[in-house]
Amino acid sequence: MTERNATDEPSYVEGAMLITTNLSIQTPPHFGFWSTVHSHGWCALPPFHVDKHRRTLTRLLDLRDGTLVHCELRDGSGHIVVNVQSHKKLVDDQREEIKASLREALRLREDLSEFYGVARRTPRYRWVHSAGAGRLLRAPTVFEDVVKMICTTNCSWALTETVVGNLTRFLGKQFAGDICSFPSADALAGVSESFMRRTIRSGYRSPYLLELAERVAGGRLDLESWRSSSLPSGDLFREVRSIKGIGDYAAGNILKLLGRYDYLGLDSWVRGKYYELHKRGRRVSDRTIERHYAPFGRWRGLFFWLEMTREWYKQKFPF
DNA sequence: GCGTCCAGGTCTACC
DNA sequence: GGTAGACCTGGACGC
């Protein structure tokens, strides 16, 4: 089907008049909207938000010209219905930018045909294709993905939610009420380490986050080029790994969000899951886990992650 | 309510 | 190259 836009309609949120624009984004065959949204924890971190009752994913986008738009995504048939709210009427370029950002986040342009071919030939992964699983939700920007990944290291998920929530609340741009954007590198680079520690609660990760933001804001580090990098995965891994605060776990998972699945990105949760599924709870070395998935070649990280999270799909996403 | 212990990745110093 | 200890927070637990 062709992509289409509907007419602009005004509405009101907390006294502010908002313009509503309806957009539609075509999806590839066998795309699973909810399988992608719930592919990992990003959907629970602002400025993403899942509304279980309305069956929507919402996301605040900060466009290149500084315009904030609130997007509410719904699963359509062969397309995604996007309800966009903005303070001013959107022009064509802005509409296209919104659709491009959402395609990036939902990985709609990623060619997974080879991966699905392997999955269909492997009995224990035949469910993947029919579930529309395999696309891992990511942020519209690499900067946001990297910051969030650092915020997942060495802490509970509850703390990750707290820190990311504080980043958007205190350093993002306010759209309406408590709906704020993810902070830009400029905004993050402009605060002190003590503010990060006391207010953002990012603890010892604070200097790492500030150094990252300062390098990006100063133009000394181009994270966004990573998504189109021609570097071999090993070289890209080493480049990602060279950022302070990013070790093997974080780098492996950032590579997955860049479309490279050569690394497993092991943390305590997935190790425990592997022991449970394959070794009756007995611990084994990381090398043993890596050997197990080596036959899947460049898709091993994706097969590994989907096997570890298969229960989520069976339970229709319990989070 | 308070204090203590522990889990969670990464960095750095040291061997 | 491998290892120990520090980093910081929040949850669990005992008192």
Side-chain angles (χ1 to χ4, degrees), chain A residues 40-46 136 138-139 142-171 183 185 188-189 191-216 220-221 223 226 233-258 260-277 279 281-291 293 300-301 304-305 308-309 312 318-319:
Chain A
H40 61 120
W42 260 210
C43 66
L45 297 178
L136 306 180
R138 67 184 177 189
V142 179
F143 175 71
E144 182 179 326
D145 278 336
V146 172
V147 169
K148 282 179 172 174
M149 199 63 76
I150 291 174
C151 294
T152 68
T153 59
N154 199 27
C155 65
S156 63
W157 181 250
L159 182 58
T160 299
E161 290 182 308
T162 297
V163 174
V164 174
N166 288 337
L167 283 171
T168 56
R169 187 175 309 118
F170 293 107
L171 298 175
L188 184 51
V191 302
S192 66
E193 186 178 323
S194 64
F195 175 84
M196 291 294 287
R197 287 177 182 269
R198 291 179 194 167
T199 306
I200 304 299
R201 312 294 294 168
S202 46
Y204 72 92
R205 302 164 200 80
S206 303
Y208 304 151
L209 293 171
L210 290 177
E211 184 183 324
L212 172 71
E214 284 160 8
R215 288 175 66 193
V216 172
R220 299 190 304 280
L221 179 62
L223 297 181
W226 286 354
S233 294
D235 292 345
L236 189 56
F237 180 86
R238 279 183 283 280
E239 192 171 329
V240 174
R241 185 74 172 72
S242 71
I243 291 175
K244 272 194 180 176
I246 294 182
D248 290 345
Y249 147 81
N253 283 302
I254 286 170
L255 253 70
K256 289 178 194 169
L257 299 183
L258 296 172
R260 312 289 191 103
Y261 305 101
D262 311 73
Y263 295 85
L264 303 189
L266 298 172
D267 66 5
S268 57
W269 185 81
V270 289
R271 283 191 188 96
K273 202 71 191 170
Y274 179 88
Y275 304 153
E276 176 191 323
L277 293 175
K279 301 292 175 185
R282 184 173 60 85
R283 290 168 65 101
V284 293
S285 69
D286 289 354
R287 197 164 294 177
T288 299
I289 302 175
E290 283 158 6
R291 271 200 302 268
Y293 294 92
R300 56 190 179 272
F304 167 67
W305 177 249
M308 297 306 104
T309 58
W312 298 356
F319 50 91

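These values consider heavy atoms only, across backbone and side chains, with no hydrogens, waters or symmetry-generated copies. Residue numbers begin at 1 in each chain, while the letters A, B, ... track the order of the sequences.
Between atom CD of residue A/Glu193 and atom CG of residue A/Leu209 there is a gap of 10.0 Å, rounded to the nearest 0.5 Å. Between the CZ atom of A/Arg198 and the OG atom of A/Ser206 there is a distance of 11.5 Å, given to the nearest 0.5 Å.
Between A/Leu159 and A/Ser242, the residue anchored nearer the 5' end of DNA chain B, judged by the nucleotide with its closest heavy atom, is A/Leu159.
A close approach under 4.0 Å does not occur between any side-chain nitrogen or oxygen of A/Arg241 and OP1 or OP2 of B/dG9.
Among the heavy atoms of the strands lying under 4.0 Å from A/Ile243 are primed sugar atoms or P, OP1, OP2 only; no base atom is included.
Summarising the geometry, the separation between CH2 on A/Trp157 and C1' on B/dG8 is reported as 14 Å, rounded to the nearest angstrom. A straight line from NZ of A/Lys244 to P of B/dC11 spans 8 Å, rounded to a whole angstrom. If you measure from atom CG of A/Asp248 to atom P of B/dT10, you get 7 Å, rounded to the nearest angstrom. We find that OH of A/Tyr249 is positioned 17 Å from C1' of B/dC11, with the value rounded to whole Å. Here the P atom of nucleotide B/dG8 and the CD atom of A/Glu161 are 17 Å apart, to the nearest Å. In this structure, A/Asn253 atom CG and B/dG8 atom C1' are separated by 14 Å, rounded to whole Å. The interatomic distance linking A/Leu209 (CG) with B/dT10 (P) rounds to 13 Å, in whole Å.
Taking every heavy atom of both residues into account, A/Val240 and A/Ile246 meet most closely at O-CG2, 3.7 Å.
The span of DNA chain C lying next to chain A, judged by atoms under 4.0 Å from heavy atoms, is bounded 5' to 3' by C/dC7 to C/dG10.
For the ring pair (Phe, Tyr, Trp, His ring centres under 6.0 Å) with A/Trp305, the lone residue among A/Tyr274, A/Tyr263, A/Trp312 that qualifies is A/Trp312.
Under the rule for a salt bridge (Lys or Arg N to Asp or Glu O under 4.0 Å), A/Glu161 has no partner lying at least two apart in sequence or in another chain.
With respect to the salt-bridge test (charged N to carboxylate O, under 4.0 angstrom), the residues A/Lys148 and A/Asp145 do not qualify. A/Glu290 and A/Arg287 are not joined by a salt bridge, as no carboxylate oxygen comes within less than 4.0 angstrom of a charged side-chain nitrogen.
In the interface, the side chain of A/Tyr204 is paired with the base of B/dG9 through a donor and an acceptor atom under 3.5 Å apart.
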